[in-house]
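Reading through the structure tokens given below for one structure.
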Amino acid sequence: EVQLVESGGGLVQAGGSLTLSCAASGITFDHFAIGWFRQAPGKEREGVSCITNTEDSINYAPGVKGRFTISYDNAKNTAYLQMNRLKPEDTAIYYCAVLAGATIATMVPSYEYDYWGQGTQVTVSS
């Protein structure tokens with residue numbers, strides 16, 4: 001029932017910016033967290049950022065703090081990840097995910113999340 005669709009990925013030069021979107025549908029529960037994850041070739045999937053749907057709890061991975069901004073638009077049922085000052089090491093497939101019932105946003109492993117989007121490729125060239 002829950003469906004997540006990411007968009008906004010692409011090719012960008014180092015130092016540039018991209019904003020990813022995650023359109024959510026079919027969510028009927030009151031409380032949840034939205035997480036952004038990324039996975040580069042040969043590496044484990046890692047958490048990037050997370051936020052509650054009420055936007056009262058937000059967390060970032062240390063490597064992106066200060067460069068990335070997560071948000072959630074309740075009216076549009078859409079999460080965003082604004083990525084600034086991109087680096088080649090940010091290159092990965094980016095996924096959004098939903099953790100049902102969450103009232104706080106804490107960086108937890110990907111297996112804790114219940115629903116996933118298809119991913120969108122972000123490539124940062126040097």
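All figures in this text were calculated on a predicted structure; none of them were measured in a lab.
- Of the listed residues (Tyr95, Tyr94, Tyr72, Trp36), just one forms a side chain to side chain contact (heavy atoms under 4.5 Å, CB included) with Cys22, and that residue is Trp36.
- Counting heavy atoms from C-beta on, the side chains of Met83 and Val64 never come closer than 4.5 Å.
- Nearest heavy atom pair, residue Ala79 against residue Ile34, reads CB-CG2, 3.7 Å.
- Using a 4.5 Å heavy-atom threshold, the side chains of Leu20 and Thr120 count as touching.
- Contact of the Ile70 side chain with the Ile58 side chain is registered, since non-hydrogen atoms from C-beta on lie closer than 4.5 Å.
- Closest approach of Leu4 and Ala97 over heavy atoms only: CD1-CA, 3.7 Å.
- Taking the side chain as every heavy atom from C-beta outward, Gln118 and Glu6 approach each other to under 4.5 Å.
- Smallest separation of non-hydrogen atoms from Val48 and Leu81: CG1-CD2, 4.2 Å.
- Cys50 is listed as a side-chain neighbour of Met107, based on a closest heavy-atom distance under 4.5 Å.
- Here the side chains of Leu86 and Phe68 are in contact, with some heavy-atom distance below 4.5 Å.
- At a threshold of 4.5 Å between non-hydrogen side-chain atoms, the residues Phe32 and Tyr115 do not count as touching.
- Between Arg85 and Arg67, the shortest heavy-atom contact is O-NH1, 3.1 Å.
- Relative orientation of the Phe37 and Tyr113 rings is perpendicular, given thresholds of 30° and 60° on the angle between their planes.
- Between Leu99 and Val108 there is a side-chain heavy-atom pair separated by less than 4.5 Å.
- In terms of heavy atoms, Pro88 sits closest to Ala14 at CD-CB, 4.1 Å.
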